[in-house]
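Encoded as structure tokens, the structure appears first; notes follow it.
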Amino acid sequence: PAGVHPAHGACGGPGVPTHPHGAAVALGWLTFRRFQEVTLTHLRGIASNYNVSYNVDVRFRSLAEESQAVALAVNQSQAAVQGDLAHLRARMRKMERKSRKADSRLRALDLALGEKSEPRARERKVQKDALQDTLARLSDLVHRQGARLAALEGRLHMATLGAVAPAPVPGPGLAQPDRPRLGSPKLQRGRQALGAAPEPGSAAQDSAQGTRGRPASGGHQTLNGAATAPPARTPERPGETCPAGPVLVFPNASTENVVPLGPGFPTALRALSFCSWVRTASGRLGTLLSYTTEDNDNKLVLHGRDSLAPGSIHFVIGDPAFRELPLQLLLDGRWHHVCVLWTSVQGRYWLHVDRRLVAAGSHFREGYEIPPGGSLVLGQEQDSVGGGFDSSEAFVGSVSGVAIWDRALVPGEVASLAAGRELPTGAILTLANATRVGGFVQRANCTCLELCP
């Protein structure tokens, strides 16, 4: 009959009526099921793609973290390499400076040998030697008489205090000096000889000639065959001469142990005197004084690192020129008074230890001028202005009474200093000019140096 769907008729059996819209409902149901399947498939694809995207994101984050770790390690390695390179460059610069110094010394030696090989230079040398020998004999006489007079004055001074100084035991071939009375003609002549000594900076004073000698028997140093006065004994008992004043103690070889003296030399120096009480605390002397300018890190140095013999010290003026001075007496751990004098007139220099003239010479930086405006320090050797310190060049010990003059002191002034009296006039730098005390250096005030710890 009309309006009956065959399927529904089949399902419902013959004669069972069906819904007139059953076909449309069935078609809608099938469409819904297909849409559902398509939607489910699409959702599954989205889920699969999400999982892949999530895995990729996790991988990217892991790679980013690994990249950051690698970058950090590279930065650390680069910083370490840069530090090593900086240290290597500093050592290379120092080696270059030392190489330049060695080259300069070789050139100076070649120049000196070349001048000596020229006939004209030999003729001039003969003429100059004759004149210098004459001047040297006069200068040596002045220094010996001055040292002997200073020793006699010291004995007289101790005698007035009730202390009797032991007489020196003369060595073989050395005559025992007389002990003149205060008003004796011999002492008066000695005083006149000292008073007639040339003023510092004069031609006679600056041209004094002497050669360093070996210790003669009896413990005396000889210059040109003549024995000088015995060294003054360091004070040990009340009533004896007892130097006092501020003391700087350098306890170890730290590169921070440095004492600058400012503002350096105010004017150029054509003569110089450096005096100080010194007590060493090690088997070497180290650096007592270092003066550096922008163009030369060794304009003026007193140091014992590179000396050939233990206890010797290099006296450098305008590197590469230097002289080796004997200071073995300073290695006994006791206080000693040291004075180093120099003048550019004929390049004369003298070394006094405990009132005693132990070395002298000439032709050392003749006509030279130490320029002003540099950096002056105690206790370290500068490889650059105010820096470049090396612990192997440090001074270990104590110093007191440090003073510098722009002239060469006469023997009487040196003896007065060694006796603990007032400083001679005209000192341009003393410990009062110390701008700071660096590192482990200690400052102390002692009523007597022998009582200082």
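Only a predicted model underlies this, so the values are computations on that prediction, with no experimental measurement involved.
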**Asked** Which distance, rounded to the nearest 0.5 Å, do you find between the CG of Leu289 and the CZ of Phe395?
**Response** 12.0 Å
**Message:** Is the shortest side-chain heavy-atom distance between Phe250 and Gln380 below 4.5 Å?
**Reply:** no
**Message:** For the OG atom of Ser290 and the CD atom of Gln382, what is their distance to the nearest 0.5 Å?
**Reply:** 4.0 Å
**Prompt:** Are Leu409 and Pro424 side-chain neighbours, meaning at least one heavy-atom pair lies under 4.5 Å?
**Reply:** yes
**Request:** Would you give the length of the straight line joining atom CG of Leu327 to atom CG of Leu302, rounded to the nearest 0.5 angstrom?
**Result:** 8.5 Å
**Request:** Give, for atom CG of Leu72 and atom OG of Ser67, the distance between the pair rounded to the nearest 0.5 Å.
**Result:** 11.0 Å
**Message:** Can you tell me how far apart CH2 (Trp277) and SG (Cys452) are? Round to the nearest 0.5 Å.
**Reply:** 12.0 Å
**Asked** So how far is it from Ser312 OG to His303 NE2, rounded to the nearest 0.5 Å?
**Response** 12.0 Å
**Side-chain heavy-atom pair Leu248, Arg443 within 4.5 angstrom cut-off** = yes
**Prompt:** Are the ring centres of Phe315 and Phe322 closer than 6.0 Å?
**Reply:** no
**Item:** Phe389 vs Asp383 side-chain heavy atoms within contact, under 4.5 Å
**Value:** no
**Request:** State, yes or no, whether a side-chain contact exists between Glu294 and Ser375 at a heavy-atom distance under 4.5 Å.
**Result:** no
**Asked** Can you tell if the side chain of Leu300 reaches within under 4.5 Å of the side chain of Trp342, non-hydrogen atoms only?
**Response** no
**Prompt:** How about Asp319 and Val316: do any of their side-chain heavy atoms sit closer than 4.5 Å?
**Reply:** yes
**Nearest non-hydrogen partners of Tyr291 and Gly373, listed with the distance** = OH-N, 3.5 Å
**Asked** So which heavy atom on Arg323 is nearest to which on Ser362, and how close?
**Response** NH2-O, 3.9 Å
**Message:** On a heavy-atom basis, which atom in Thr280 and which in Leu330 lie closest, and how many Å separate them?
**Reply:** OG1-O, 2.6 Å
